[in-house]
Structure formats: structure tokens, C-alpha cells
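Take a look at the structure set out below.
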Amino acid sequence: MATHSKVQTSDKEHFTGYLAIVAMLGLVASLAAAWFYLQSQPRIEPRAAFVDTGPMVVSIDGYNIATRMAVQTSKADGDWANSNRSALIQVLNHALATSNPKTLLTPQGLQ
């Protein structure tokens with residue numbers, strides 16, 4: 001004769017399951033509220049634009065200057081600076097080439 005025993009679940013086990021469900025729903029609701037709050041905030045546009053010149057090497061009077069510069073412009077002039085990047089690099093190379101390296105020399109190197 002086969003007997004089937006039913007496993008009785010106590011009210012405490014049901015309460016734990018319900019508590020876990022409520023905690024998960026609370027977490028989902030909190031994350032959704034945070035996401036909607038962040039989406040409703042106005043976007044802050046940067047006021048500055050940067051143009052990277054890439055690595056530049058200039059030799060002056062036996063000194064070699066290796067540098068990488070970023071030119072900061074206003075946001076309105078950012079497109080102009082990007083389209084004239086090669087001209088800016090030429091001007092910066094010329095400015096470095098015509099500078100006196102001894103006046104730039106510090107105990108930490110060229111500054």
C-alpha cells in the first residue's frame with residue numbers, strides 16, 4: 001500500500017516568499033523611479049570644445065620637444081577648430097620651433 005505524504009508548508013515559509021517578492025518589486029520600482037527622474041532632467045551642454053593636436057616633435061638648437069596638446073575653444077568655435085586642425089598644428093609647431101628652449105628649461109625639464 002503506497003502512501004502519499006503531502007508536504008505541509010507553513011505560514012512562515014509563505015511569508016518569506018511574499019516578503020522576497022515585495023522586496024524585488026520595491027527594488028524594481030526604485031530603479032524605475034530613478035531612471036525616470038534622470039530622464040526628466042535637462043541635459044547640460046558642455047561650454048567648451050577640445051581639439052587634440054596629436055603627438056608633435058620639434059627640434060630646436062639641439063633640443064627635442066615632444067608634446068601632445070589640446071586646444072580648448074568655446075562650443076560655438078569647436079566645429080571651426082576641428083575643420084582647421086591642420087592649420088592649428090602648423091601654428092603650434094611654428095610657435096614651438098621659434099621659442100627659446102633655454103627659457104623653457106626648468107629643473108624638471110622643458111615646461
Side-chain angles (χ1 to χ4, degrees):
M1 184 160 128
T3 60
H4 294 286
S5 64
K6 273 188 157 178
V7 177
Q8 295 287 328
T9 56
S10 66
D11 290 339
K12 188 175 184 179
E13 289 175 355
H14 285 288
F15 178 73
T16 304
Y18 293 141
L19 186 62
I21 291 171
V22 168
M24 293 292 266
L25 289 175
L27 178 65
V28 168
S30 300
L31 291 174
W35 185 81
F36 281 114
Y37 173 75
L38 292 174
Q39 293 299 315
S40 68
Q41 297 300 311
R43 300 281 185 248
I44 298 173
E45 291 294 324
R47 295 183 301 215
F50 295 91
V51 177
D52 185 18
T53 62
M56 296 187 300
V57 178
V58 177
S59 296
I60 314 166
D61 299 334
Y63 292 97
N64 290 326
I65 299 174
T67 185
R68 181 180 197 115
M69 294 185 194
V71 178
Q72 179 180 355
T73 64
S74 67
K75 183 67 174 171
D77 293 332
D79 291 334
W80 177 88
N82 278 325
S83 63
N84 292 303
R85 183 174 175 267
S86 60
L88 288 172
I89 291 172
Q90 289 176 358
V91 169
L92 291 171
N93 273 327
H94 178 69
L96 287 173
T98 58
S99 64
N100 183 357
K102 291 182 182 177
T103 61
L104 302 174
L105 191 60
T106 66
Q108 291 83 23
L110 288 174
Q111 297 289 326

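Quantities reported herein were computed from a predicted structural model and do not represent experimental measurements. Nothing fancy with the numbering, it's 1 onward along the sequence.
Rounded to the nearest 0.5 angstrom, Asn93 CG and Thr98 OG1 are separated by 10.5 Å. With rounding to the nearest 0.5 Å, the separation of OG1 in Thr73 from CG in Leu88 is 9.0 Å. Atom CG of Leu92 is separated from atom CE of Met56 by 5.0 Å, given to the nearest 0.5 angstrom. For the atom pair CZ of Phe36 and CD of Gln41, the computed distance is 14.0 Å after rounding to the nearest 0.5 Å.
Nearest heavy-atom pair across Trp80 and Ser83 is O-OG, 2.9 Å. Residues Gly78 and Ala49 share a closest heavy-atom pair of CA-CB, 3.7 Å. Between Arg85 and Gly54, the closest heavy-atom pair is NH2-N, 3.8 Å.
Residues Val71 and Ile89 share a single hydrophobic cluster, defined by chaining ILVMFWY side chains whose heavy atoms lie under 4.5 Å apart.
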